[in-house]
Amino acid sequence: MIPDDVIRERVERLRQVVRYHSYRYHVLDDPEISDAEYDALMVELKELEAAHPELVTPDSPTQRVGAEPLPEFEKVQHRRPLLSLDNAFDGEEVRAWEKRVLRLLGNGAGVNYTVEPKIDGLAVSLRYENGLLVQGATRGNGFVGEDVTQNLRTIIAIPLRIPVVGDESPPRYLEARGEVYMPRDRFDQMNQRREAEEKRPFANPRNAAAGSVRQLDPSITATRPLSVFMYAVGEVEGASLATQCDALSFLRRMGFPTAANIARCDTLDEVLDLYGQWMAQRDDLNYDADGVVIKVDSLEQQDLLGEVSHAPRWAIAFKFPAHEGITRLVRIGVNVGRTGSLNPYAELEPMVVGGVTIRHATLHNEADIHRKDIREGDTVIVKRAGDVIPQVVAPLTELRSGQEEVFEMMKTCPACGEQVVKPEDEVMYYCINASCPAQLVGRVGHFASRGAMDIEGFGERLAQAFVENGLLVDVVDFYYLRRDDLLSLEGFADQSADNLLAAIEASKNRPLWRLITGLGIRGVGGVVAQLLTRHFASMDELMGASQEGLEEIEGLGPHTAQSVVDFFSQGRNRRLIEKLRRADVRMTRLAEEEAREEGPLTGQTFVITGTLPTMSQEVAAEYIEAQGGRVTSSVSRNTSYLLSGERPGGAKVERAKELGVPIIGEDDLRRLVDGA
DNA sequence: GATCCTCGAGTTCG
DNA sequence: CTCGAGGATC
């Protein structure tokens with residue numbers, strides 16, 4: 001039998017160790033042990049507590065989970081109100097605010113400012129007595145909030161007991177204020193898991209955080225990856241603080257997480273400069289920030305300035321331009337692509353996001369629409385993925401009137417009216433009418449596009465017009481167009497006709513892989529086409545290839561091989577090739593297509609992101625390939641370098657950091673080539 | 001059979 | 001950028 005005091009000591013020791021590692025992980029972001037090791041410590045502690053319930057104390061790390069559900073939240077009267085902030089949307093408004101501050105403080109007053117990120121989460125107030133968390137509340141209306149103590153106790157970043165560090169002991173009383181939020185990476189993971197479990201994903205981290213804190217059952221909150229940033233001391237007894245900076249460093253010493261990179265400024269110009277820096281890096285942060293909060297640093301000056309009814313005069317929120325917004329989804333439309341796929345898109349009530357008016361957003365496919373439960377008439381959250389492509393994130397189901405319509409894919413093609421087909425085990429619906437006008441437009445557009453035959457000046461609009469007027473029925477018709485045909489089109493004059501004819505003429509001598517790409521064989525894009533020209537010297541050789549011969553090529557599987565064989569087995573396609581040949585379109589590969597160049601970058605794989613100083617992404621890719629390197633589109637373990645320029649894509653940079661892939665600039669690339 | 005990596009295809013706005 | 005899906009690999 002083990003003596004009680006040995007167990008008691010072991011339990012205490014375990015608690016200390018668990019608290020310490022939890023602090024390293026959640027507050028310092030710098031864990032010393034693995035998650036599994038941490039879990040093992042936790043398991044031992046739980047087992048000992050289960051065997052000796054008399055040793056369980058309310059501040060034990062195990063007590064973060066599993067409290068009984070509350071029937072409803074108690075109301076909490078805040079001892080000092082949690083006010084909201086006035087907003088500024090441009091520098092002028094911030095300057096006006098400063099002018100008022102200086103006027104109220106009187107001439108000659110020296111004022112410093114702090115600049116902090118404005119975290120988009122849920123504001124909370126935490127009360128500690130002699131270092132123990134006694135109450136946690138939501139902001140509510142600012143005067144009365146909800147008692148969510150049991151839920152906040154499950155958030156590991158919130159100390160249940162303020163640690164004693166060095167010789168500084170916890171204050172007798174502390175009311176600390178902060179923002180509960182969900183880290184973006186954890187939010188993404190959680191949503192992926194929810195989707196796997198066929199639960200509805202959360203629209204954004206803010207909603208997820210707010211919803212999780214206001215759960216009636218704390219054991220649900222405990223499963224949500226929440227964290228907190230503290231940003232102010234509401235009241236304190238037993239410590240003296242002179243400035244906001246003091247308050248923040250005090251909070252850090254007391255074991256609370258605060259946002260990184262909070263700075264103090266002497267002038268408003270510095271403040272505005274910092275605002276710009278925060279805005280530039282807002283997408284790289286692991287939390288959502290919708291602006292910065294500017295505060296007068298001196299607490300004495302804060303008192304002098306006081307507050308108006310709803311907001312303090314000593315602080316202002318300088319908001320970022322939003323790149324997420326709410327609007328109405330008026331209708332779900334369907335486009336037909338060159339492959340015949342029916343592609344649904346959202347028609348939105350126009351709305352400005354990130355300085356651009358959004359009217360449409362792709363919806364990918366029917367399954368995706370149903371998974372997200374998006375209905376016609378819904379109010380939806382729209383954001384710009386990677387700051388560019390509009391995306392419908394989720395509907396706000398609370399705002400439904402009941403009039404919303406569940407989307408169902410049509411049975412006939414919206415372009416030609418023919419029957420629509422959905423292959424078994426595929427997500428997309430297809431129009432299989434080979435002469436469907438929408439497909440025709442797509443096909444000729446694809447043939448002329450930059451990735452294929454690169455016919456300059458011939459874009460989607462012309463494709464539409466040429467097909468409508470019967471000038472193009474097939475891609476081969478490009479090479480039989482007459483000048484008179486072009487002039488018959490509205491808006492086509494001598495010059496533009498000559499330019500287009502010259503561009504078409506120039507396209508006759510493109511590398512073979514471009515022609516193969518342009519044919520639009522299913523599953524064959526630029527990369528696969530180049531793979532093919534490495535094994536076949538001419539169109540004739542490719543047409544003569546057997547299924548088995550194709551499958552032997554590394555990188556080609558049965559599916560793609562089948563697709564190629566099918567294409568060339570159709571008489572219509574063989575006739576198309578003959579007509580192209582008669583029009584003098586190149587049918588044999590160029591010398592440079594025979595083998596990949598050997599060079600200093602042989603064996604290296606690059607991914608490109610952002611705007612490079614002197615070359616476009618395309619030119620950079622050609623350069624890398626000419627030196628023997630490979631360029632792919634997504635960062636993986638196989639990536640040697642991420643070549644990054646101005647305004648890089650956040651996802652690629654993040655993934656590169658995660659995998660330890662070196663991030664280089666254009667000059668580094670040149671050094672790699674010259675040095676090796 | 002599962003998992004990771006790549007490619008293809010469609011996409012918005014100015 | 002995003003998703004689906006083919007291909008390679010263990």
Side-chain angles (χ1 to χ4, degrees), chain A residues 188 192 195-196 283 323 333-348 350-369 371-372 382-393 422-430 438-439 441-443 445-446 449 451-452 459-461 513 516-532 550-564 605-610 617 630-640 647-655 659 661:
Chain A
D188 292 339
Q192 276 172 22
E195 280 184 37
D283 292 324
H323 39 195
V334 175
N335 280 325
V336 181
R338 74 178 163 87
T339 60
S341 64
L342 268 55
N343 311 312
Y345 64 92
E347 285 177 18
L348 304 167
M351 168 201 47
V352 177
V353 180
V356 194
T357 307
I358 308 286
R359 292 184 180 81
H360 304 282
T362 177
L363 291 172
H364 301 296
N365 56 59
E366 189 190 45
D368 201 41
I369 295 171
R371 187 165 49 234
K372 291 182 177 151
V382 173
K383 77 166 183 188
R384 299 217 295 151
D387 242 358
V388 189
I389 313 284
Q391 190 188 9
V392 176
V393 180
K422 177 171 172 290
E424 199 77 20
D425 339 309
E426 267 197 57
V427 181
M428 304 301 288
Y429 288 75
Y430 292 92
Q439 291 185 52
V441 171
R443 279 211 297 273
H446 172 68
S449 71
E460 201 188 320
R461 283 185 63 147
W513 70 264
I516 295 171
T517 305
L519 294 176
I521 304 169
R522 272 259 240 162
V524 180
V527 174
V528 174
Q530 287 179 66
L531 193 61
L532 288 170
L550 287 163
E551 276 188 49
E552 269 171 38
I553 297 174
E554 176 146 336
L556 273 194
H559 204 272
T560 316
Q562 179 78 59
S563 170
V564 173
T605 304
F606 294 77
V607 173
I608 309 175
T609 183
Q617 288 201 6
R630 252 163 58 81
V631 178
T632 62
S633 55
S634 62
V635 178
S636 72
R637 262 180 277 277
N638 301 337
T639 308
S640 319
R647 295 170 47 81
K652 284 178 185 168
V653 173
E654 207 165 292
R655 184 127 175 83
L659 296 174
V661 171

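Below, read A as the first sequence line, B as the second, and so on, with proteins coming before strands; counting in each chain starts at 1.
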*Atom CZ in A/Arg371, atom CG in A/Asn365: separation rounded to 0.5 Å?*
7.0 Å
*Hey, does the side chain of A/Asn343 come within less than 4.0 Å of B/dA9's phosphate (OP1/OP2), counting only N and O?*
no
*To the nearest Å, how far apart are A/Leu342 CG and B/dT11 P?*
11 Å
*Between C/dT2, C/dG6, B/dA9, spot the one nearest the side chain of A/Thr339, thanks.*
B/dA9
*Does the side chain of A/Val607 come within less than 4.5 Å of A/Val631's, by heavy atoms?*
no
*Nearest-Å distance, CD (A/Glu460) to P (B/dC13)?*
12 Å
_My understanding is that only residues two or more places apart in sequence, or in another chain, count here; which of them pass side chain to side chain contact (heavy atoms under 4.5 Å, CB included) with A/Val441?_
A/Ala463, A/Gln464, A/Val467
_Would you say that A/Thr362 contacts A/Asn343 through its side chain, given a criterion of any heavy-atom pair below 4.5 Å between the two side chains?_
no
*Does A/Val527 have any side chain to side chain contact (heavy atoms under 4.5 Å, CB included) partners at least two apart in sequence or in another chain, and if so, which?*
none
*Rounding to a whole Å, what distance do you find between A/Lys383:NZ and C/dT2:C1'?*
11 Å
*Should A/Lys372 and A/Val392 count as side-chain neighbours, where that means a heavy-atom distance under 4.5 Å?*
no
*From B/dC7, C/dG4, B/dG10, pick the nucleotide closest to the side chain of A/Ser633?*
B/dC7
*Counting only side-chain N and O atoms of A/Thr362, is one of them less than 4.0 Å from OP1 or OP2 of B/dT12?*
no
*For residues A/Asp368 and A/Val427, determine if any side-chain heavy atom of one lies less than 4.5 Å from a side-chain heavy atom of the other.*
no
*When you check the phosphate oxygens OP1 and OP2 of B/dC13, does a side-chain N or O of A/Arg359 lie under 4.0 Å from one of them?*
no
*From the list B/dC7, B/dG10, C/dG4, which nucleotide is the closest neighbour of the side chain of A/Arg371?*
C/dG4
*asked:* Just to be sure I understand the rule, does A/Asn365 reach a base, reach only the sugar-phosphate, or reach nothing, if contact means heavy atoms closer than 4.0 Å?
replied: sugar-phosphate
*Using the closest heavy atom to pick a nucleotide of DNA chain C for each, name whichever of A/Glu551 or A/His364 lands nearer the 5' end.*
A/His364
*A/His360 has an atom NE2; how far is it from atom P of C/dT2, in whole Å?*
21 Å
*Tell me: CG of A/Leu532 to P of B/dC7, nearest whole Å?*
13 Å
Check: protein-nucleotides 1-5 of chain B nitrogen or oxygen pairs below 3.5 Å:
from	atom 1	to	atom 2	distance (Å)
B/dC5	OP1	A/Arg637	N	3.4
B/dC5	OP1	A/Arg637	NE	3.3
B/dC5	O3'	A/Asn638	ND2	3.0

*Which heavy-atom pair separates A/Ser636 from A/Thr639 by the least distance, and what is that distance?*
N-OG1, 2.8 Å
*Could you work out which one of C/dC3, B/dC13, C/dT9 sits closest to the side chain of A/Ile358?*
B/dC13
*Of all the nucleotides listed (B/dC13, C/dT2, B/dC7), which has the minimum atom distance to the side chain of A/Gln391?*
C/dT2
*asked:* Do A/Thr560 and A/Leu550 have side chains that approach each other closer than 4.5 Å (heavy atoms only, starting at C-beta)?
replied: no
*asked:* Please list, in numerical order, the residues of residues 517-526 of chain A that have a heavy atom closer than 4.0 Å to any atom of DNA chain C.
replied: none
_By nearest atom, which of the nucleotides C/dA5, B/dC7, B/dT11 is closest to the A/Glu426 side chain?_
C/dA5
*May I ask you to evaluate whether A/Ser341 reaches the phosphate of B/dG10, defined as a side-chain N or O under 4.0 Å from OP1 or OP2?*
yes
*Taking the side chain of A/Val427 as its heavy atoms from C-beta onward, which of C/dA5, B/dG8, C/dG7 lies nearest to it?*
C/dA5
*CG of A/Leu363 versus C1' of B/dG10: gap in Å, rounded?*
12 Å
*Whole Å only: how far is the CG atom of A/Leu531 from the C1' atom of C/dG6?*
13 Å
_With sequence neighbours excluded, residues passing salt bridge (charged side-chain N to carboxylate O under 4.0 Å, His left out) with A/Glu426_ = none
*Can you name the residues that form a side chain to side chain contact (heavy atoms under 4.5 Å, CB included) with A/Ser634, not counting sequence neighbours?*
none
*Between C/dG7, B/dG14, B/dT11, which one does the side chain of A/Thr357 approach most closely?*
B/dG14
*Gap between atoms CG and P, on A/Asp368 and B/dT11 respectively (whole Å)*: 14 Å
